[in-house]
Every structure is written in C-alpha cells, then in structure tokens.
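Reading through the structure tokens given below for one structure.
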Amino acid sequence: MAKPMIQKILPFDANKPAEISLSWTGNRSHANRIIIYDNETNDLIFDDMVSTFSLKHTIPAYTLTNGKKYVIQAQTYDEENIASPLSDRVLFYTFETPDFCFNNIPENGKVTNASFLASIYYYSSDFEDISTYKFYLYDSTKRQLLESKPLNDSLKINYQYCGLENNTVYYIRCLGVTVNGLELDTGFIEISVKYENPNAYARLYTTALPSQGCVKVDTNLIIIQYNGTDSFEYADGMINLIDKTLYYNEGFLIEDDFTVIIKGINLWQNAEILKMSNGKQGLTLSSHIYHEGKLRFRLLVPNGISNYLLYSDPQVFENQDMVTIVIRRKNNVYQLKVFVELGFTPEGNIWYGTQRPVNAEKYDSWINVQGDTFMVAKDDYTTYLDDIEPSDAEVNDIWIGGA
C-alpha cells in the first residue's frame with residue numbers, strides 16, 4: 001500500500017486552528033491520522049485520528065506552541081481499516097501572528113487630498129522578518145483598481161496612493177509574507193476622499209535656472225485675452241466686475257470633461273455669474289437669495305428638450321467672504337460644489353495679464369500672456385544685477401550678474 005504525502009505547510013499561528021492537507025493514491029480513505037513531534041527533543045506532542053473521506057486534518061488551536069519547529073507524519077486508513085505506511089517526515093514552523101496594520105488612517109477614514117501616503121505598523125514577537133508585501137486599492141464594491149509592485153523595504157512599509165477621486169469611497173489593503181512564508185493581511189480598510197479646500201493653482205511646474213540662481217515656476221493655465229472695449233480694474237489680485245460683464249469668445253475650447261473654479265467676493269446677490277457656450281451646448285451659473293435669508297447657486301444646462309438643473313446647498317456668508325464655486329462635468333454628469341472662506345486677505349493672490357501688477361501684495365504671483373510665472377512684491381530678497389558679486393547679500397538674495 002502506498003504511503004500518503006503531506007502537502008507543503010506554511011508557518012501558522014499555533015493559537016489558531018490549522019488545517020493540514022494530504023494527498024493519497026489508493027483505495028478511498030475512510031480515516032487519517034497525524035503524528036507531531038518536537039523537532040528538538042523528538043517528544044510526541046500530538047497523535048490524532050479522524051474518520052473522514054476528506055484528506056484533511058485540523059490541528060486544534062493551542063495544541064502547539066508558537067516560535068518552535070515541529071515534525072509531522074501522516075497515514076490513511078481504507079474502508080477495511082487497513083493503515084497505510086507513515087508518510088515521510090515534514091518539518092514546519094509555528095509563529096505568533098505579527099501585528100500588521102495601517103497606522104495612519106485619518107479619523108473616520110476621511111482623506112482630504114487626492115493622494116494618501118499609507119503606512120504599515122509591523123511587529124513580530126518571534127522576530128520573524130517581513131519578506132515582501134503589496135498594496136491594493138479597491139472601489140466601494142471591493143473591485144480591485146490597483147496593485148502595487150512587490151516591495152521589500154522592512155524599515156519603511158508605506159505606499160503613496162495617488163489620483164484619488166473627490167467624494168469617493170475606497171478600500172485599501174496590504175498583503176505580505178514573512179521570510180518563512182507566514183501570510184499577512186491588513187484586511188479591507190475603508191477610506192472616504194473629500195477635498196475640503198480646492199485650489200485652482202495646485203499644479204505648479206518648476207525648472208531650475210542654475211546660471212541665474214533661481215527657479216522658474218510655470219502652471220498649466222492658459223492665458224486668454226478679453227474681447228471688448230470696456231476697461232476693468234484689478235484690486236487685490238481680482239478683477240472688479242461690479243455692474244460690468246466680461247466676455248471671452250476665443251482662445252480655448254472645452255470638448256470633454258472639465259472642471260471650472262470661480263473664486264470671488266461680493267457674491268451675496270441675485271445675479272447671473274457665468275455663462276459658457278460653444279454654440280451648441282452651454283451652461284449658466286446664477287445665484288438667488290431666498291426669503292429665509294439663505295443663498296443657493298444654480299447650474300442650468302440645456303439638455304435637448306429639457307434642462308439639467310443643479311442647486312448648491314443653502315449658503316450663508318458675508319460679502320467680504322471668499323466664495324469658491326466648483327463646476328465639474330464627467331461623463332456628461334455635472335457636479336456643483338461651494339466652499340466659503342471667512343474673511344479675505346490680499347496676500348498670496350495670482351495676477352494675470354500683459355503688464356506686471358503695480359499694487360501686488362506680499363507673496364503675490366503674476367502670470368503673463370506667455371504663461372510664465374513671476375513672484376511680485378516678495379519683500380524678503382534682493383536681486384543684484386552688478387557684474388561683481390555683491391558682498392553684502394543676505395540669505396535668499398539673488399545675483400544674476402551684469403545686465
């Protein structure tokens with residue numbers, strides 16, 4: 001009669017039940033037996049027989065001790081209770097399950113950026129080192145969206161999730177294996193992504209200019225020119241449109257999905273704020289103050305024989321508050337979001353146009369018609385144009401040589 005074979009046994013936690021699988025060629029097995037010895041002392045630890053047609057055998061929890069090596073043998077019994085020879089001896093290990101979990105999940109799982117650096121806490125009481133691990137991203141139905149490449153840095157177990165969609169629920173997970181094959185799993189951890197303060201100028205591109213000792217900053221913004229005869233005033237980095245209308249009718253065309261961000265003050269009024277059209281399709285953004293003293297922004301999108309209407313949540317704000325209105329279209333579905341920043345400070349604004357602004361405040365930026373970005377009214381450095389290197393320059397000063 002042939003002897004059974006014990007299939008590969010990965011290290012397991014002795015404080016949990018473990019299932020041993022056998023393979024066998026011969027008459028149908030009606031029972032099987034496993035015998036376990038301490039590898040160092042050869043003492044018998046476990047000898048158990050079960051009546052089952054399945055070629056599996058369970059080691060009950062707490063039968064063995066973690067952090068040790070064991071030797072196992074098995075045999076099967078046919079329907080006449082005739083025992084097979086004992087299998088070859090197989091060595092296996094037991095380890096206490098290491099602590100393996102995300103250690104920087106925000107409160108309530110709320111992520112406030114489009115990227116999230118997930119970090120793992122790992123600790124093994126048996127000094128079992130981690131070998132490799134992968135990070136995963138799933139949608140709200142736990143459909144896999146992303147799988148990282150295998151990673152093996154045991155000191156910094158982390159991964160940067162990027163491109164997370166706003167107002168979206170995800171699940172993140174990490175799977176790993178130790179040097180001796182113990183499998184690790186954080187489980188599915190839910191996160192919800194919500195950008196609290198969208199920023200129209202978040203994408204900046206920098207180029208080092210070593211010969212000038214400075215950095216050139218560009219944005220992905222397109223400068224378009226106004227078509228008309230009216231004159232407009234700029235104050236604190238914003239154009240004054242009170243009792244005026246600004247038209248743009250050339251310079252760009254939006255053909256697919258888009259996001260439009262409008263920032264302004266003095267928006268507590270009944271008014272049409274923005275109209276966009278390409279001759280066939282368009283939209284209108286307006287505001288209305290209701291009798292209960294609250295304002296709603298309304299997005300109207302003509303859609304064939306009917307209109308697509310979308311209203312913001314009721315808003316209460318002062319005229320000096322900065323209001324950010326975000327219009328987004330994705331797969332012909334529109335979103336309308338409103339964010340209110342209490343009060344307004346003139347620092348850190350962005351100016352646009354052909355002329356360098358003369359009333360800029362500290363940390364303001366100017367983007368010219370070529371798309372170049374310059375810092376203006378930044379009062380903590382000096383630019384030297386002399387042929388001779390300045391002797392009294394301070395930290396952050398710039399010397400670019402002769403004119």
Side-chain angles (χ1 to χ4, degrees), residues 1-101 120-134 136 147 150-154 157 173-188:
M1 182 181 292
K3 59 184 178 181
M5 294 181 60
I6 300 175
Q7 297 184 12
K8 182 178 180 180
I9 304 175
L10 295 175
F12 60 86
D13 190 337
N15 297 331
K16 302 175 183 178
E19 188 175 73
I20 306 300
S21 297
L22 312 175
S23 60
W24 155 256
T25 302
N27 295 331
R28 186 176 185 182
S29 172
H30 283 246
N32 64 68
R33 174 191 179 204
I34 61 172
I35 308 170
I36 300 176
Y37 302 90
D38 186 304
N39 182 62
E40 294 184 359
T41 64
N42 207 36
D43 292 340
L44 178 64
I45 304 298
F46 185 65
D47 187 344
D48 186 53
M49 185 174 72
V50 295
S51 297
T52 177
F53 295 113
S54 174
L55 292 172
K56 296 182 182 297
H57 202 118
T58 299
I59 303 173
Y62 302 106
T63 300
L64 308 178
T65 302
N66 279 320
K68 301 193 67 173
K69 299 179 184 179
Y70 293 94
V71 173
I72 184 173
Q73 287 183 288
Q75 62 183 161
T76 59
Y77 296 81
D78 63 16
E79 58 184 359
E80 297 178 0
N81 206 33
I82 299 176
S84 71
L86 286 171
S87 69
D88 294 335
R89 291 186 166 216
V90 173
L91 181 69
F92 68 92
Y93 301 84
T94 56
F95 297 110
E96 183 175 346
T97 302
D99 294 329
F100 187 74
C101 59
I120 294 291
Y121 171 76
Y122 177 78
Y123 172 74
S124 170
S125 59
D126 297 310
F127 304 100
E128 174 77 350
D129 291 332
I130 192 169
S131 175
T132 61
Y133 50 90
K134 291 182 180 180
Y136 297 83
E147 176 182 342
L151 305 171
N152 54 24
D153 187 344
S154 61
I157 308 176
R173 185 186 188 189
C174 186
L175 298 176
V177 62
T178 68
V179 291
N180 285 304
L182 187 64
E183 296 179 344
L184 308 167
D185 186 356
T186 62
F188 293 89

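Keep in mind that the numbers below use all heavy atoms, side chains included, and drop hydrogens, waters and symmetry copies.
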Just how far is it from atom [atom1] of [X] to atom [atom2] of [Y], taken to the nearest 0.5 Å?
{"X": "H57", "Y": "I6", "atom1": "NE2", "atom2": "CD1", "answer": "11.0 Å"}
{"X": "F53", "Y": "H30", "atom1": "CZ", "atom2": "NE2", "answer": "5.0 Å"}
{"X": "F100", "Y": "I157", "atom1": "CZ", "atom2": "CD1", "answer": "6.0 Å"}
{"X": "T63", "Y": "N15", "atom1": "OG1", "atom2": "CG", "answer": "10.5 Å"}
{"X": "T132", "Y": "L175", "atom1": "OG1", "atom2": "CG", "answer": "10.0 Å"}
{"X": "I35", "Y": "D47", "atom1": "CD1", "atom2": "CG", "answer": "4.5 Å"}

For the residue pair [X] and [Y], what are the closest heavy atoms and their distance?
{"X": "E96", "Y": "S125", "value": "OE1-OG, 3.1 Å"}
{"X": "K3", "Y": "P85", "value": "CB-O, 3.6 Å"}
{"X": "P17", "Y": "T58", "value": "CB-CG2, 4.2 Å"}
{"X": "P11", "Y": "F95", "value": "CB-CD1, 3.7 Å"}
{"X": "N66", "Y": "A14", "value": "OD1-N, 2.8 Å"}
{"X": "D38", "Y": "Y70", "value": "CA-CD2, 4.1 Å"}

Could you go through residues 73-80 and list every donor-acceptor pair under 3.5 Å that involves a side-chain atom there, pairing it with any protein atom two or more places apart or in another chain?
from	atom 1	to	atom 2	distance (Å)
Q73	NE2	S87	O	3.0
Q75	OE1	R33	NH1	2.6
Q75	OE1	Y77	OH	3.1
Q75	NE2	S84	O	2.8
T76	OG1	S84	OG	3.4
D78	OD1	E80	N	3.0
D78	OD1	N81	N	3.1
D78	OD1	I82	N	2.9

Seminar exercise, completed: The side chain to side chain contact (heavy atoms under 4.5 Å, CB included) partner of L184 among I120, D99, I130 is I130
If only atom types and distance count, is the side chain of [X] paired as donor or acceptor with the main-chain N or O of [Y] below 3.5 Å?
{"X": "S124", "Y": "D126", "result": "yes"}
{"X": "Y133", "Y": "D153", "result": "yes"}
{"X": "S21", "Y": "Q7", "result": "no"}
{"X": "E19", "Y": "K56", "result": "no"}
{"X": "D13", "Y": "T97", "result": "yes"}

For this session: Look at the aromatic rings of F12 and F92 and report parallel, tilted or perpendicular, splitting at 30° and 60°.
Result: parallel
Does the side chain of [Y] come within less than 4.5 Å of [X]'s, by heavy atoms?
{"X": "T65", "Y": "T94", "value": "no"}
{"X": "K68", "Y": "N39", "value": "no"}
{"X": "E128", "Y": "V179", "value": "yes"}

For this session: Applying side chain to side chain contact (heavy atoms under 4.5 Å, CB included), run through T186 and Y136 and close with a yes or a no.
Result: CA-CA 11 Å; T186 62; Y136 297 83; over 6 Å; no
For this session: Answer yes or no: does atom CD of E183 have more than 12 heavy-atom neighbours from other residues, nucleotides or ligands under 6.0 Å?
Result: no
Exercise. Would one find more than 12 heavy atoms of other residues, nucleotides or ligands at under 6.0 Å from atom OH of Y62?
Worked result: no
For this session: List in chain and number order the residues that pass side-chain hydrogen bond (donor to acceptor under 3.5 Å, both in side chains) with S154, two or more places apart in sequence or in another chain; answer none if no residue qualifies.
Result: none
